[in-house]
Amino acid sequence: MNDQKEAFLIRRIQRQGDRQAAEELVSAYYREIYAFAYRQTGDVDAAMDLTQEIFLAALQSIQRYDPKRAGFRTWLYRIASHKLTDLFRSPASRLRQSTIPIEELSLPDDGSPEEQWLEADQLRQIQLRIADLPDEIQSILRLRFYGEAGFRQIAEILALPEGTVKTKYYTTIRMLREEANRQ
Amino acid sequence: MSVIYPSDKQIQASVQNICEKASLTRRPNLISFLRDMSRNLGLRQIFTGTWDVILISCMLFGLAAVIGALDLRHSVHQLQKASVFLFAFSPVFLFLLFSLSLWKEVEGTSYPIKMTCLYTARHLIAFRVFCITCCSFAVVGLYALFLSAFLGLPGLPLLCVSLSSLFLYSLLQIQTVLSVRSNLTVCGVLAVWVFGNCVGSQLWPEIYWELLQAVPAAAWVLVDLLLALMFCNRYGIYVRRVCYAEGL
């Protein structure tokens, strides 16, 4: 979707509450946001629920969206990042992350069962460790690991200077590496 | 990590579900905001508790207006002086009414109780800004016509000068409200403008007259219309912000 079309759809939703425009806009970003959620949950249903929550929050606050301040994609990732931090911070979610049976996880068909199990276990370990970090650092790591975003994009999404994002990211990575080496 | 995507049918269903739950609404425009506020709040309730403020504003404005009119009666170059006087003096009533009512609302403890569950204090202030501006236009317009009849001067130029000054001031007022968060700062900026304008017109009336003459008499109506449009545009942004933003 080009920028003009996107701006047109957003204007229609803001001014007229146009449902068709909303459907078109959500459909355009659905897969991208879903992938971002899936990489962190490792579960189709959880990722779909999360994607739904992210878009619902976006549509409910779209009247406050100002295209002069940030692009729609950046704004959407900002909401997604906050939603994910909230989700992994909640005790219920953490419990689920640590007790979910391997057979309940929706894993890709490729790779051996051992590889799949290792991947799921690693994901769970990473999530648990990230969930203990401060909110801002959580957002940086999630966007970098799972959103595959560059530092400039992360800085835009979180409204932070690019240098600050880099410093926080590398400091945290070094800290996590040292922790892993000690174990 | 490879991603397992849901089927297109599932995505479609999810998108529809999101849009249904979001219950999208139209953005309220300026007219719908004013209409709903007058309908739900009632015109009689707009100035509840602020009659003392209105009385003080009327008395101060009336006193200065009478002194100004008597002073102009015996002066030479009446048209010149009356235009300069009206240009500088017109925003005084609006300033008094706006600043005093804002100050009273901030100080008053019973204010939130007056509000219905539909609106917040900011909604009422936004609505009052519009009503106060309209009242001020009526009062100043009548005064300009009275002055022209009293001094035997043409009414239209005086009315246009007076209204354009008021529009200019209203524009500054709404722009200050939009850019500054503190009520005290808003009142301070407006006080500086009104005071500076009144003192400036007394000290350098020729400069003011030169500036007023720079706009041809026939163009004053267009200037007024342009300023009115700009005011409505800024006021619309203010209303939108009141309705959707968290705080001014």
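Below, all heavy atoms of this structure are taken into account, side chains as well, without hydrogens, waters or symmetry copies. Here is how names work: the chains are called A, B, and so on, in the same order as the sequence lines, proteins then strands, and each is numbered from 1.
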Measuring heavy-atom distances to chain B, does A:Phe55 have an atom under 4.5 Å in its side chain, in its backbone, in both, or in neither?
-> both
Taking atom OH of B:Tyr5 as the centre, report whether more than 12 heavy atoms of other residues, nucleotides or ligands fall under 6.0 Å from it.
-> yes
Please indicate whether A:Asn2 has more than 12 foreign heavy atoms, meaning atoms of other residues, nucleotides or ligands, lying under 6.0 Å from its CG.
-> yes
In this structure, are over 12 heavy atoms from other groups packed under 6.0 Å from B:Phe195 atom CZ?
-> no
Taking every heavy atom of B:Pro6 against every heavy atom of A:Arg31, the minimum-distance pair comes out as O-NH2, 4.4 Å
List the atom of A:Tyr34, the atom of B:Ile4, and the distance in Å for their closest heavy-atom pair.
-> OH-O, 2.6 Å
Most contacts with chain B, counted as non-hydrogen pairs under 4.5 angstrom, among A:Glu53, A:Gln52, A:Gln16 = A:Gln52
For A:Leu56 and B:Lys21 the tightest heavy-atom approach is CD1-CB, 3.5 Å
Report, as yes or no, whether the 6.0 Å neighbourhood of atom CZ on A:Arg152 holds more than 12 heavy atoms from other residues, nucleotides or ligands.
-> no
For the residue pair A:Met48 and B:Gln10, what are the closest heavy atoms and their distance?
-> CE-O, 3.9 Å
Contact summary for A:Gln60 and B:Ala22, nearest pair of heavy atoms = CG-O, 3.9 Å
SG on B:Cys19 to CD on A:Glu23, rounded to 0.5 Å = 4.5 Å
Quick one: CD on A:Gln63 to CZ on B:Arg240, what's the gap to the nearest 0.5 Å?
-> 9.0 Å
